[in-house]
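We count ligands from 1, going down the list as the structure has it; atoms in each ligand are counted the same way.
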Amino acid sequence: MAGKPKLYYFNGRGRMETIRWLLAAAGIEFEEQFFETREELLKLRQDGALLFQQVPMVEIDGMKMVQTRAILNYIAWKHNLYGKDVKERALIDMYVEATMDLNEIIMHHPLQPPEAKAKHLATIIEKATTRYFPVYEKALKDHGQDFLVGNRFSRADVQLLETILMAEECKPDILSKFPVLQAFKARISNIPTIKKFLQPGSQRKPPLDVKLLPKVLSIFNI
Ligand SMILES: N[C@@H](CCC(=O)N[C@@H](CS[C@H](CC=O)c1ccccc1)C(=O)NCC(=O)O)C(=O)O
């Protein structure tokens, strides 16, 4: 039996956070190898551990997986969080690709220069409340079920909850016009594996501390 998955990244959310969420939701314990300096990233490269010289990298089932979506797809498929057939998977893919689009904007917020922050935040709020959240609100309202797809817990529920919580960090009342999403958030947050991940002391990471920004920028040579 392979050991626990091992995640290689800096000690922050970035692109690795959704992977942490999905492993935790699936009840899979994982280890983390944080790097603090660019030299540590370069060493991983020199060791040939990074297929495209980038992280996230996850050692799982004898593989050194890279590319966030590939890693997420593998975990979801392996732990039956990807629907019951190809059509449910197609719907799940549409929903999660959209959550990742919104996540991408949100995760880059801390990297914005001070003079661009207000406008960038306004964009996050506008996209979340006019393009993305109305779709999920309607989907849940129309089929009247507990979960987004096939009335069964899937990665779509996990990734939407992660995105909702990140959006609320940007604007605490961002769900004020989405009562069905408010109920969805409470319901999915109460799933035991997710409830545990939301407890203090779990491997869930906080929003990027602005004091850590210079370190992240130097690690990735941005
Ligand atoms: N397609 C791939 C892309 C993976 C990817 O962009 N990895 C990056 C670190 S994460 C990034 C760092 C700043 O951009 C970040 C950090 C914080 C927030 C958002 C992004 C990397 O390794 N940069 C070194 C290099 O590209 O030489 C995947 O989905 O896995």
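Residue Met100 places every heavy atom at 4.0 Å or more from ligand 1. Put simply, part of Tyr9 is less than 4.0 Å from ligand 1, judged by heavy atoms.
Results of the salt bridge (Lys or Arg N to Asp or Glu O under 4.0 Å) test with Lys185 over Glu137, Glu168, Glu162 single out Glu168 as the only residue that passes.
Remark: the Glu32 side chain and the Tyr9 side chain contain no N/O donor-acceptor pair separated by less than 3.5 Å. Asn103 and Arg15 share no donor-acceptor pair across their side chains, judged by distance under 3.5 Å alone.
In terms of protein heavy atoms, atom 9 (C) of ligand 1 is closest to Phe220 CE2, 3.4 Å. Atom 8 (C) of ligand 1 has as its closest protein heavy atom Val55 O, 3.6 Å. Ranking the protein heavy atoms by distance from atom 29 (O) of ligand 1 puts Thr68 OG1, 2.9 Å first. Ranking the protein heavy atoms by distance from atom 19 (C) of ligand 1 puts Met107 SD, 3.4 Å first.
The parts of Gln54 lying near ligand 1 are both backbone and side chain, judged by heavy-atom distances below 4.0 Å. Contact annotation: for Met16 versus ligand 1, there are no heavy atoms closer than 4.0 Å. Of the heavy atoms in Ile222, only side-chain atoms (C-beta onward) come closer than 4.0 Å to ligand 1.
In this structure, Arg13 fails the cation-pi test against Trp21, since its NZ or CZ atom is not both closer than 6.0 Å to the six-membered ring centre and inside 45 degrees of the ring normal. Geometrically, Arg152 does not engage Phe147 in a cation-pi contact defined by less than 6.0 Å to the ring centre and at most 45° from the axis.
Here the side chain of Ser202 pairs no donor or acceptor atom with the backbone of Leu198 at under 3.5 angstrom.
If you number the atoms of ligand 1 from 1 as listed, the ones under 4.0 Å from a heavy atom of Gly14 come out as 17 (C), 18 (C).
Nearest heavy atom pair, residue Met65 against residue Ala70, reads CE-O, 3.5 Å.
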